[in-house]
There are 2 protein chains.
Amino acid sequence: MKSDGNGGRSNGDRTPCRTCPLSATPGLLTPDETQRAWIEAFKTGETSFVRGEQILRQGARATRLYTVLSGVMMRFRLLEDGRRQIINFMFPGDLIGLQSAFDAEISHSVEALTDARVCVFPRDRFFDLAMSHPRLSYDITWLAAREEAALEEHIVALGQRNARERVAWLAVFLVQRAMDTGVAAADGVLRMTITQGQVADMLGLSLVHTNRSMQALRRAGLVDWTIHAIAVPDMAAARDFAQMEAEAPPPRPFI
Amino acid sequence: MKSDGNGGRSNGDRTPCRTCPLSATPGLLTPDETQRAWIEAFKTGETSFVRGEQILRQGARATRLYTVLSGVMMRFRLLEDGRRQIINFMFPGDLIGLQSAFDAEISHSVEALTDARVCVFPRDRFFDLAMSHPRLSYDITWLAAREEAALEEHIVALGQRNARERVAWLAVFLVQRAMDTGVAAADGVLRMTITQGQVADMLGLSLVHTNRSMQALRRAGLVDWTIHAIAVPDMAAARDFAQMEAEAPPPRPFI
DNA sequence: AACGCGCCATATCAAATGACACATCGCCCA
DNA sequence: TGGGCGATGTGTCATTTGATATGGCGCGTT
């Protein structure tokens with residue numbers, strides 16, 4: 001075990017891409033063998049993070065890209081006066097730091113919400129990879145477009161929904177995402193430690209009002225959200241309450 | 001002139017990419033000659049739209065990609081009960097409809113805010129283009145990452161800023177973007193017709209409160225926003241008020 | 001000139017949300 | 001086992017934001 005300066009611990013274990021554990025996830029589209037060989041060659045190692053550790057720090061110059069192998073992370077922006085906005089949550093298969101492949105400084109931090117493990121790729125070889133392996137490049141563009149769609153949803157939630165709708169929206173979003181990526185069973189319950197303060201910072205609400213909204217949803221039987229788990233007993237009802245379109249997301253590729 | 005079913009009018013004029021008018025824009029990074037030849041081959045034509053016409057309609061299956069050649073557009077999402085959230089504004093060089101290259105249905109509509117002209121590309125050849133021309137694919141990924149960063153800014157604005165900060169943020173964002181893309185002169189004034197209702201739907205505020213906030217900013221001398229023009233006499237002061245980081249965006253590539 | 005229409009401006013009141021204070025609960029740990 | 005600590009729950013009040021109504025203004029059309 002050794003620390004690598006960015007936080008997290010690299011260790012000798014390295015999963016071969018050929019036996020990538022993400023392949024078992026129905027919601028993910030596993031690259032074919034040829035592509036996995038390329039990915040294997042691109043990959044420099046793996047790193048583990050414990051809950052609360054930061055993978056990327058806002059304003060830093062990143063030298064790596066990451067793919068979430070297990071666990072959940074969040075990316076967020078801090079304003080000068082201490083306000084924090086959580087931008088999105090990242091689940092297994094998600095690419096972290098694509099922005100840093102193009103920009104000098106990154107505009108957000110990324111922190112582990114649960115203990116997590118990531119694959120590490122060198123940023124300075126990204127351009128060469130894209131030139132020599134267009135199929136992988138295409139999949140990365142796919143991921144970027146999908147991430148853009150997720151942020152679009154977030155903008156709609158913040159701009160048009162009231163507090164209770166936002167909380168219900170986030171609950172459905174997280175549970176669905178977790179089920180798709182194998183983080184939660186298909187029973188509408190996601191066991192994960194999220195504080196009300198984190199929910200508040202994702203939804204642009206005060207902590208107190210977040211608390212009240214959660215309780216209203218609990219009384220209404222729509223969402224039962226504790227610090228340890230999110231339970232959405234009736235996804236359709238919750239979706240309807242939050243004015244979400246029912247969607248069956250197509251399996252997403254990953255690198 | 002003939003209509004093409006998606007709204008807008010194609011006409012016989014077609015600018016050769018070799019003499020693309022966007023090349024003259026300092027904020028844009030013109031592809032080299034070889035790439036422009038590829039783009040030329042990919043391009044199927046051009047279409048003009050008048051203010052208010054729709055380029056893409058939410059829920060439809062798009063068959064084309066577009067690049068804004070001149071004018072400004074907005075993309076927005078409609079909820080079932082009529083609420084509208086404007087996601088972003090698109091300036092010359094911006095790619096429209098990348099999402100539709102991957103998804104069956106598009107989640108937003110796109111409408112011309114001013115009279116506008118776009119280059120048209122066939123969606124069904126996008127995959128082949130990406131496979132055979134990795135350099136163009138790389139630039140498209142670059143654009144997607146940049147768009148993602150813009151949506152991130154929007155999320156921060158909606159989640160953490162109050163009404164007046166949001167209006168100031170949007171004014172600075174639009175004026176800066178317009179100056180970078182040659183839509184406005186470098187004098188901090190953007191002459192463009194935007195209604196207060198559109199601003200309200202971008203910022204997640206009511207129309208009345210948007211009006212109040214604009215007037216407060218006008219009285220404070222920070223932003224003078226009329227239906228015909230946005231004037232930001234002191235960009236640094238406005239940025240500071242809205243808690244924005246001063247940024248010099250790198251020139252962006254375009255297709 | 002008169003009218004209609006879309007948009008801006010303003011007043012008033014209501015509702016949603018935030019701020020602050022404090023009690024409680026669960027959990028870790030000395 | 002008791003104390004500290006982080007997190008949730010709740011009461012009260014302040015502030016921000018929304019809803020509704022109304023008037024005015026510019027502009028195009030008849």
Side-chain angles (χ1 to χ4, degrees), chain A residues 50-52 79 81-86 111 113-114 157-171 191-220 223-231 241-243, chain B residues 50-52 79 81-86 111 113-114 157-171 191-220 223-231 241-243:
Chain A
V50 300
R51 173 177 162 85
L79 299 189
D81 62 4
R83 285 181 278 187
R84 174 179 70 168
Q85 177 64 45
I86 297 179
E111 176 181 318
L113 261 179
T114 67
L158 293 183
Q160 299 301 318
R161 297 194 236 264
N162 64 31
R164 276 170 302 171
E165 290 171 335
R166 285 186 219 180
V167 173
W169 167 80
L170 183 57
R191 263 160 280 269
M192 182 161 74
T193 301
I194 304 179
T195 70
Q196 293 184 356
Q198 286 164 340
V199 175
D201 284 349
M202 175 81 176
L203 297 179
L205 298 169
S206 71
L207 193 155
V208 173
H209 200 55
T210 301
N211 178 287
R212 284 193 258 257
S213 304
M214 280 180 166
Q215 296 187 48
L217 290 174
R218 188 174 304 143
R219 280 192 295 273
V223 174
D224 191 351
W225 195 328
T226 70
I227 191 176
H228 295 302
I230 312 172
F241 175 81
Q243 293 245 0
Chain B
V50 301
R51 172 176 162 86
L79 298 189
D81 62 4
R83 285 180 278 187
R84 174 179 70 168
Q85 176 64 45
I86 298 179
E111 177 181 317
L113 260 179
T114 68
L158 292 183
Q160 299 301 320
R161 296 194 236 263
N162 65 29
R164 276 170 301 170
E165 288 171 336
R166 286 187 217 180
V167 172
W169 167 80
L170 183 57
R191 261 158 281 269
M192 182 161 75
T193 300
I194 305 179
T195 71
Q196 293 185 354
Q198 287 164 339
V199 174
D201 284 349
M202 174 81 176
L203 297 179
L205 298 169
S206 72
L207 194 154
V208 173
H209 201 57
T210 301
N211 178 287
R212 283 193 275 251
S213 304
M214 281 180 166
Q215 295 189 47
L217 290 174
R218 186 174 304 139
R219 279 193 296 273
V223 175
D224 191 349
W225 194 329
T226 70
I227 192 176
H228 295 303
I230 312 172
F241 175 81
Q243 293 246 2

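Just so it is clear, the values below take in all heavy atoms, side chains as well, and ignore hydrogens, waters and symmetry mates. Residue numbers start from 1 in every chain, and the chains themselves are labelled A, B, ... in the order their sequence lines are given, proteins ahead of strands.
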Q) What heavy-atom pair brings A:I230 and A:A171 nearest, and what distance separates the two atoms? A) CG2-CB, 3.8 Å

Q. Hey, does A:Q243 have a side-chain heavy atom less than 4.5 Å from the side chain of A:Q160?
A. no

Q: Please report the closest heavy-atom contact between A:Q85 and B:G159, naming both atoms and the distance.
A: OE1-CA, 3.3 Å

Q) Is B:E165 reaching over with its side chain to a backbone N or O of B:N162, donor-acceptor style, under 3.5 angstrom? A) yes

Q) What are the bounds, 5' to 3', of the part of DNA chain D that sits under 4.0 Å from heavy atoms of chain B? A) D:dT17 to D:dT20

Q | Under the ring-ring contact (aromatic ring centres under 6.0 Å, His included) test, residues paired with B:W169 that sit two or more places apart | A | B:H154, B:F173

Q. Minimum heavy-atom separation for A:S213 to A:V167, with atom names?
A. CB-CG2, 4.0 Å

Q. Heavy atoms, side chains only, cut-off 4.5 Å: are B:M214 and B:T210 in contact?
A. yes

Q. With sugar-phosphate meaning primed atoms plus P, OP1 and OP2, does A:R218 contact a base, only sugar-phosphate, or nothing at under 4.0 Å between heavy atoms?
A. sugar-phosphate

Q) So which heavy atom on B:G204 is nearest to which on B:L158, and how close? A) N-CD2, 4.2 Å

Q. Any side-chain heavy-atom pair from A:R161 and B:L79 closer than 4.5 angstrom?
A. yes

Q: Please list, by residue number, the residues of residues 224-231 of chain A whose heavy atoms come closer than 4.0 Å to an atom of DNA chain C; answer none if no residue qualifies.
A: none

Q. Checking all strands, does B:L205 fall into the base, sugar-phosphate, or nothing category for heavy-atom contacts under 4.0 angstrom?
A. sugar-phosphate

Q: Kindly state each residue pair satisfying side-chain hydrogen bond (donor to acceptor under 3.5 Å, both in side chains) with at least one member in residues 195-207 of chain B, sequence neighbours excluded.
A: B:R84-B:D201, B:Q196-B:N211

Q. Nearest nucleotide by nearest heavy atom, which residue falls closer to the 5' end of DNA chain C, A:H209 or B:M214?
A. B:M214

Q.
Of all nucleotides in DNA chain C that come within under 4.0 Å of a heavy atom of chain A, which is furthest toward the 5' end and which toward the 3' end?
A. C:dT17 to C:dC20

Q: Provide the closest heavy-atom pair for A:R166 versus A:L203 in the form atom of the first, atom of the second, distance.
A: NH1-O, 2.7 Å

Q) If we only count heavy atoms from C-beta on, is the A:V199 to A:W225 side-chain gap below 4.5 Å? A) yes

Q) Under 3.5 Å, side chain of B:R51 to main-chain N/O of B:T193, donor-acceptor pair present? A) yes

(Q) Can you give me the bend angle of the helix from C:dA1-D:dT30 to C:dA30-D:dT1? Use the axis through the first five pairs and the one through the last five, nearest 10 degrees. (A) 30°

